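Attaching a single structure in structure tokens format; questions to follow.
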Amino acid sequence: MVPFVIAGVSVDDMIVVEDFYNKAEGRPNQMGEAMKAAGVAISTTSITTIGAFVAGWGSSMPGVASFCGTCALAFTWDFFLNVTLFPALIVIDQRRIDQNRHFIVPCIKVDPVYKVRERSSSASAHVKTDVVTRGKSTIGPGALKKTARKTSRRGSDSSTGTMGSEQTRSSQSTFSRSAYLGIRSYRFQTHEKAGCLTHFMYAYFGTFLQYEQVQMWVLILFTVTATTMGFMSTSANTGLSIKNIVPYDSYIIDYVDSQDEYFLSPIQQLNIIIRDLDYTDRDSVSNLLDYFMYVERYDGMEGSVGLATGHWYIHYALYLNDKGKDIYDDFPYYLQDFLDSEDGEQFKTDVVCVEDALTGKCVDVASSRYKVWNSSPDETTVTYKTYTKLNGKIEKYGLPTTSFVFSEGFLFAATDLTMYNLIITNLVYTIGIVFLVMYLFTDNISSFFITLMVIFINLDLLGIMYFWNITVSAVSFVCILMSTGLSVDYCVHIGHAFTHSDGETPNDRLVEAVKMLGKSVLQGGFTTFLGTIVLVFSSSDAFQTFFKMLFCTVLFGMAHGLVALPVFLATFYNLAGREAHYEHHAADDESERTDKPGSRLAEGSRTKKDIEMGRHMSMAGVELRMKSPSVVKKEREQRKLEEEMKRDDALMRQQSTFHGFK
């Protein structure tokens, strides 16, 4: 199952890197800027995923530990390739596009006559319309020069938009990747209209989540759902029967069904293993016979110990009596003769002898087996109770502690009954590792809420096992541990975008986060689903369980990442009134803006007037939250329009001063 997981999950980080590379179009170091933005996100998700599997690697179940160890190594290598090989391949392919080389045969350079229709004209028209006239304020040629530089690739030094447009048109030839992939693989331009999915995330989905009533219902819905699912998970069935392992068309399923239909009480054989017992001691033998009487009186036992013919010790005692020998004093001297006799030959497999060093004959019993039939219901709780009762009485009856009672049903019952506790224990360790990694890479508020979302997702998965009739077993144990690492991916990207967005209020940051990475999260979840959809056609219930759990992980992960997490973060900051908390997250952006012409911070350090203005804007943000969303939206748009007009006027004055006229 590991290849299916890697195939679906490894694409997620690739999509994020590709998305940020598209958005860094026109910058001098495009891939460097992309990895600067995406590197923290994919590193956090990969390290948390690897940490989750490392925690499962230490599980006491060998099968689970082996699976988690393999996944930890596989995801480590996948992370290394995503930060080294994949970015290098993107840069190489971008060079091919810039040089107008064929997608299938890169050694062939195509004629630049082949252009994508409507791209060049629409792009230049959009630049003229959106840049030259904005808010009824005409911008000088210097601004057009600056915008044209943005649209060109690799930060061209052209003073007009000609070179940038020509490079854009040449890179979008019919021999580019989109011509053969059948999808829109054009590079994202700053002047280009956003795609349908991005527009939906920004204009509809993000705006919908801004409403206070919606946020309130989201908080209630996700919290109540997680609580209910966690409570119902305790009622999930436990156990992994033979029918869950073999294929659906196996004859074993027909055999088990026929046994359940025609034989109401399935009979299973219990083996009582007695080790290191001194058969020459009367008290020891008396304790053994008393224990046999207790076993025969236990509920569900059929017949006596030794089945219908009796066990080997009874037959050996009769053998000694027939010879007139004492069953205690003469026990070691005639044991070999008994086992070689016609009556004792059937018990050779039930006795492990201690052989004499000189003669090689059996002179003592190191270990022996006694059989008994059990007709108790084939249920995990009943079987485990029988296991604990029978084994617990061995020491009380004075028998050697190395003795035990064994059955195949006991093996599964002991594992299944403790499986739920194992899952909870490993989840605590795994979530602790997730929080530690998140705390190292993000701020404490985001770390707390991302970890809370991971807890909610795991509670939902445990609860869905009850409603979807998925048993608590080793298979579901592996899926739960795996979901902890995978679910982080859907939350970290949105949390990272929320923390580092440029929104003035928490609701603005909610919209910006969904707009920035909502599309990537959806694509990542869809690719993970496609990577494992082949399991739905498998003929084994174990693989079907794996698909169900992974499908729910993707579904709950996207729901909590795109809906719950941004709403929880926005609500927290709205209630706490901590807009100023965002200033230290935007410190890097402010330092970059100080080098740009026309920046207020470039003219000098912050004055007392600037600080007062920041406080005023913070209070304005608090005041806006008390208004209806429609009024807030209109006022925000008006304020942005006024700020753009002021910025354009400042640019005009700077350009006029630069050219020597006012």
Side-chain angles (χ1 to χ4, degrees), residues 60 62 268-298 300-321 325-341 343-374 376 383-415 417-418:
S60 58
Q268 59 177 336
Q269 179 179 294
L270 301 185
N271 297 307
I272 304 174
I273 309 300
I274 303 298
R275 292 177 174 177
D276 305 324
L277 182 68
D278 185 7
Y279 287 93
T280 62
D281 182 63
R282 296 177 181 270
D283 294 335
S284 298
V285 175
S286 177
N287 293 337
L288 177 65
L289 298 179
D290 291 341
Y291 178 73
F292 286 166
M293 294 179 61
Y294 167 77
V295 172
E296 294 170 356
R297 293 194 302 267
Y298 191 82
M301 297 300 170
E302 300 292 338
S304 59
V305 177
L307 307 182
T309 59
H311 50 79
W312 70 271
Y313 184 79
I314 293 179
H315 285 260
Y316 184 46
L318 294 175
Y319 178 82
L320 292 176
N321 287 331
K325 304 298 180 179
D326 186 77
I327 60 176
Y328 301 107
D329 297 336
D330 299 327
F331 178 84
Y333 304 115
Y334 297 92
L335 186 58
Q336 184 65 54
D337 296 339
F338 167 72
L339 295 176
D340 293 337
S341 65
D343 183 40
E345 190 175 5
Q346 59 179 322
F347 301 109
K348 282 187 175 181
T349 58
D350 295 335
V351 177
V352 178
C353 292
V354 177
E355 298 179 352
D356 185 80
L358 297 178
T359 62
K361 293 184 178 181
C362 181
V363 295
D364 200 359
V365 177
S367 178
S368 59
R369 178 178 61 177
Y370 302 89
K371 305 173 185 177
V372 63
W373 292 114
N374 178 31
S376 300
T383 305
Y384 187 75
K385 181 181 178 180
T386 303
Y387 162 76
T388 54
K389 288 288 186 180
L390 296 183
N391 282 280
K393 290 293 183 178
I394 288 179
E395 186 176 359
K396 293 183 178 180
Y397 275 89
L399 298 176
T401 56
T402 54
S403 304
F404 60 92
V405 181
F406 174 76
S407 172
E408 292 184 1
F410 290 173
L411 177 64
F412 293 105
T415 303
L417 203 63
T418 58

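Count residues from 1 along the sequence. The structure displayed is predicted, hence computed values, not measured ones.
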Ring centre gap for Phe331 and Tyr316 strictly below 6.0 Å = yes
ask   = With no hydrogens and no angle check, do the side chains of Tyr328 and Ser284 hold a donor and an acceptor under 3.5 Å apart?
value = no
ask   = Hey, what do you get for CZ (Arg275) to CD1 (Ile273), rounding to the nearest 0.5 Å?
value = 7.5 Å
ask   = For Phe347 and His311, what are the C-alpha separation, side-chain angles and deciding distance, and is it a side-chain contact (heavy atoms from CB on, under 4.5 Å)?
value = CA-CA 8 Å; Phe347 301 109; His311 50 79; 5.7 Å; no
key: Separation of Leu339 CG from Cys353 SG (nearest 0.5 Å)   =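 Rounded to the nearest 0.5 Å, the SG-CG separation comes to 5.0 Å.
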Flag side-chain contact, heavy atom, 4.5 Å: Ile274 against Ile272 = yes
task = Side-chain contact test, heavy atoms from C-beta onward, threshold under 4.5 Å: evaluate it for Ser367 versus Thr402 and give yes or no.
result =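 Counting from C-beta outward, Ser367 and Thr402 never come under 4.5 Å.
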key: Shortest non-hydrogen contact between Tyr313 and Val285, atoms and distance   = OH-CG1, 3.4 Å
ask   = Would you say Asp337 and Tyr319 make side-chain contact, with heavy atoms under 4.5 Å?
value =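 Side-chain contact under 4.5 Å: yes.
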key: Glu395 atom CD, neighbour heavy-atom count above 12 within 6.0 Å   = no
query = Will you find, in the side chains of Asn374 and Ser376, an N or O donor that is under 3.5 Å from an N or O acceptor?
reply =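 Distance-only check passes for Asn374 and Ser376.
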message = Quick one about Lys325 and Tyr334 (side-chain donor to acceptor, distance below 3.5 Å, no hydrogens or angles considered), yes or no?
response = yes
task = Check whether more than 12 heavy atoms from other residues, nucleotides or ligands sit under 6.0 Å from atom NZ of Lys348, and answer yes or no.
result = yes
request  = Would you give the length of the straight line joining atom CG of Asp276 to atom OG of Ser403, rounded to the nearest 0.5 angstrom?
outcome  =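 Reported to 0.5 Å precision, the distance equals 7.0 Å.
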ask   = Does Met301 offer a backbone N or O that forms a donor-acceptor pair with the side chain of Glu296 under 3.5 Å?
value =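 No.
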request  = Measure the spacing between OH of Tyr397 and CG of Asn287 and express it to the nearest 0.5 Å.
outcome  =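 Separation between the atoms: 9.5 Å.
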key: Main-chain N/O of Tyr384 paired with Thr388 side-chain donor or acceptor, under 3.5 Å   =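 Checking the backbone N and O of Tyr384 against the side chain of Thr388, a donor-acceptor pair under 3.5 Å is found.
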request  = Classify the side-chain pair Gln268/Ser407 by whether it contains a donor and acceptor separated by less than 3.5 Å.
outcome  =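 On atom types as modelled, these side chains qualify, holding a pair under 3.5 Å.
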request  = Check for a donor-acceptor pair, side chain of Thr383 on one end and backbone N or O of Phe410 on the other, with a separation under 3.5 Å.
outcome  =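 No, the answer is negative, given that no donor and acceptor are paired below the 3.5 Å cut-off.
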message = Is there a side-chain contact between Val295 and Val372 in this structure, where contact means two heavy atoms from C-beta onward sitting under 4.5 Å apart?
response =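 Val295 vs Val372: side chains touch.
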task = Tell me, with the steps shown, if Asn271 and Lys371 meet side-chain contact (heavy atoms from CB on, under 4.5 Å).
result = CA-CA 5 Å; Asn271 297 307; Lys371 305 173 185 177; 3.8 Å; yes
ask   = Heavy atoms, side chains only, cut-off 4.5 Å: are Tyr294 and Lys396 in contact?
value =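 Tyr294 does not reach Lys396 side chain to side chain.
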inquiry  = Restricting to non-hydrogen atoms, name the atom on Lys393 and the atom on Tyr291 that form the minimum distance, rounded to 0.1 Å.
reply    =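 For Lys393 versus Tyr291, the nearest heavy atoms are CB-CE1, 3.9 Å.
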request  = Apply side-chain hydrogen bond (donor to acceptor under 3.5 Å, both in side chains) to the pair Asp343 and Ser341, showing each step before the final yes or no.
outcome  = CA-CA 5 Å; Asp343 183 40; Ser341 65; 5.8 Å; no
inquiry  = Taking Lys361 first and then Asp356, would you say they form a salt bridge - that is, a charged N and a carboxylate O separated by under 4.0 Å?
reply    =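 No salt bridge links Lys361 with Asp356.
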task = Mark yes or no for whether Asp350, through its side chain, and Ser368, through its backbone, hold a donor-acceptor pair below 3.5 Å.
result = no
inquiry  = Taking the ring of Trp312 and the ring of Tyr279, is the distance between their centroids below 6.0 Å?
reply    =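 Distance test on ring centres: under 6.0 Å, yes.
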inquiry  = Is any side-chain heavy atom of Thr401 closer than 4.5 Å to one of Ile394?
reply    =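 SC-SC contact between Ile394 and Thr401 ruled out.
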inquiry  = Could you check whether Tyr370 and Phe292 have their ring centres less than 6.0 Å apart?
reply    =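 Here the rings of Tyr370 and Phe292 have centres that are less than 6.0 Å from each other.
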request  = May I have the step-by-step check of side-chain contact (heavy atoms from CB on, under 4.5 Å) for Met293 and Arg297, ending in yes or no?
outcome  = CA-CA 6 Å; Met293 294 179 61; Arg297 293 194 302 267; 3.6 Å; yes
ask   = Are any of the side-chain heavy atoms of Leu335 and Val365 separated by less than 4.5 Å?
value =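 Heavy-atom side-chain distance check passes, below 4.5 Å.
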key: Test log, rule side-chain contact (heavy atoms from CB on, under 4.5 Å), inputs Lys389 and Tyr298   = CA-CA 9 Å; Lys389 288 288 186 180; Tyr298 191 82; 3.6 Å; yes
message = Quick check: do Asp326 and Leu320 have side-chain heavy atoms less than 4.5 Å from each other?
response =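 They are not in contact (no side-chain heavy atoms under 4.5 Å apart), so the answer is no.
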